[in-house]
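Data block below; observations after.
Naming: A, B, ... by sequence-line order, numbering from 1 per chain. All values below come from the heavy atoms of this structure, side chains included, with hydrogens, waters and symmetry mates left out.
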There are 2 protein chains.
Amino acid sequence: MNTAPSSPKATRDRAATERAILDAAKQVLVEQGFTCFGVNAIARAAGCDKQLIYRYYGGLDGLVDALGTELSHLFGEQLEFESSRPLENYGEFVEQMLLALLRTFRASDLLLRIAAWEILEPSPITRRLAETRGAALMHWVRSMRGDLEPPEEMDFGAINAILIAAVQHLVLSAHATGGFGGVPLDSDADWKRIEAGLVAMVRAIYPPSSLGGS
Amino acid sequence: MNTAPSSPKATRDRAATERAILDAAKQVLVEQGFTCFGVNAIARAAGCDKQLIYRYYGGLDGLVDALGTELSHLFGEQLEFESSRPLENYGEFVEQMLLALLRTFRASDLLLRIAAWEILEPSPITRRLAETRGAALMHWVRSMRGDLEPPEEMDFGAINAILIAAVQHLVLSAHATGGFGGVPLDSDADWKRIEAGLVAMVRAIYPPSSLGGS
DNA sequence: GGCTTTTGTCACCGATCGGTGAAAAACCTT
DNA sequence: AAGGTTTTTCACCGATCGGTGACAAAAGCC
């Protein structure tokens, strides 16, 4: 690793070091998982001393906070560009939301890891991550929904929770074991099946034909 | 804990000790989570020396194997009694299966923890757990389905995977954070909402009226 | 030049981890 | 009671963990 004996950092740049630590935190989370997420591993990945994590971020908690804000921005950016074509009814909105969510989770290992972390360890650290992520998601969904109203005769809150939970879990399970249950989830064709299933379900639940406002 | 100085076990009973270790393993998994799942914690909970884990189970791997078989039995038992009333069509089968699955997961912290573990750490240890659990689930589903045939015009494999994944994820999320997204999942009333949503979805997808074979 | 402040490194602490070798204590057989 | 076997505990190893205090070196200021 070190050619020169004890190379004391090429340049002295606090901002760059802070960023290196933050990037290292993401890297460790993605590549090693949250069980290895600690000052030692992060400092090792960042190529600096762990003391700097305490000095610059006030320990792991502060670092996670910084990572949380970084994350909400990333979440917003990844999702933003999807809502292009105008939506005609509530079912179409749900459909597009689910597909965008699925692709976003599939594309970002970091988001995935953090979502998993939130589920597994209800620690105060993950609470803040969950809140910031949830807020970003909420904001995005609202901006996407526009003024479309859900049909009143059904509990769309529960139904949407079910659908979103399904998307999240399938991506998580696929990432861990390459599938869910007996269904393989690896190739794009596999995911096309899921997408088609989601669309079919949404259309069955929110039929586009019956445009009943109120 | 010890009144007498170094109480070297009240009775010497290998079978009882093995069972104590197995129970301690479950207890640690449920109460501390899988991050604390190790020989030290288990031996501490079992009230014996960790050496016995190596001697009787050949280490953590063997212990997890034993726990896996124990688990598949538990899974079968917890699910068995649900399939009482005869099912008339495929949609009703899916409906009852989902509700049984939801209640089973809600009732068993151990099953929940292991399901979460499988998702988070794709280690060889969890692979075996996933396989045994998946096999038990498969067996139960087949016995419940009987000779009911799904409608051929839709990808019931993908749709059922979506629904089962949703159930699993909702219970996981509820256990960790008391809800999912903005939806609280704590009281029985909250879960009634989810159950009603599931039923509504299944009935929309597999309409009981159109009994079309092929 | 000297001086302080910032930036980074190093050495160390106690605790816990997984894992092993050997002694001690109970049980069984004779 | 003697000897051997099984069951259990103890003591120790190296490694890693989170965390802290002291020190070295670069940068800014006078």
Exercise. Does any N or O donor sit under 3.5 Å from an N or O acceptor when you compare the side chain of B/R12 with the base of D/dT6?
Worked result: yes
Problem set entry | Nearest-Å distance for atom pair CG/P, residues B/D49 and C/dA25 | 15 Å
For this session: Rounded to the nearest angstrom, tell me the gap between atom CD in B/E18 and atom C1' in D/dT6.
Result: 13 Å
Exercise. Between C/dT20 atom P and B/L60 atom CG, what is the distance in whole Å?
Worked result: 12 Å
Exercise. Please give, in whole Å, the distance from C/dG19 P to B/I42 CD1?
Worked result: 11 Å
Exercise. Could you walk me through whether B/Y54 and B/D49 pass the side-chain hydrogen bond (donor to acceptor under 3.5 Å, both in side chains) check?
Worked result: CA-CA 10 Å; B/Y54 292 99; B/D49 197 273; over 6 Å; no
Problem set entry | B/E118 and B/R127 ion-paired at < 4.0 Å | no
Problem set entry | Between C1' of C/dG8 and CD1 of A/I21, the distance in whole Å | 10 Å
Exercise. Atom OH of A/Y54 and atom P of C/dT9: how far apart are they, to the nearest Å?
Worked result: 16 Å
For this session: Answer yes or no: is there an ion pair linking B/D190 with B/R193, defined by an N-O contact shorter than 4.0 Å?
Result: no
Problem set entry | Quiz item: B/R14 side-chain donor-acceptor pair to D/dT6 base, under 3.5 Å | no
Exercise. Just wondering, more than 12 heavy atoms not from A/R14 lying within 6.0 Å of its CZ?
Worked result: yes
Exercise. Any side-chain N or O of B/N40 less than 4.0 Å from the OP1 or OP2 oxygen of C/dG18?
Worked result: yes
Problem set entry | Protein-nucleotide distance (A/K50, atom NZ; D/dA22, atom C1'), rounded to Å | 15 Å
Exercise. So which nucleotide from D/dC17, C/dG8, D/dT9 ends up closest to the side chain of A/R55?
Worked result: C/dG8
For this session: Tell me whether the OP1 or OP2 atom of D/dT8 has a side-chain N or O from B/T17 closer than 4.0 Å.
Result: yes
Seminar exercise, completed: Here the distance between atom P of D/dT16 and atom CD of A/Q32, to the nearest Å, is 13 Å
Exercise. Is the B/W117 ring parallel, tilted or perpendicular to the B/F34 ring (thresholds 30°, 60°)?
Worked result: parallel
Problem set entry | Side chain of B/Q51 - closest among C/dT7, C/dG21, D/dG19 | C/dG21
For this session: Establish, with yes or no, whether the OP1 or OP2 oxygen of D/dT8 is under 4.0 angstrom from a side-chain nitrogen or oxygen of B/Y56.
Result: yes
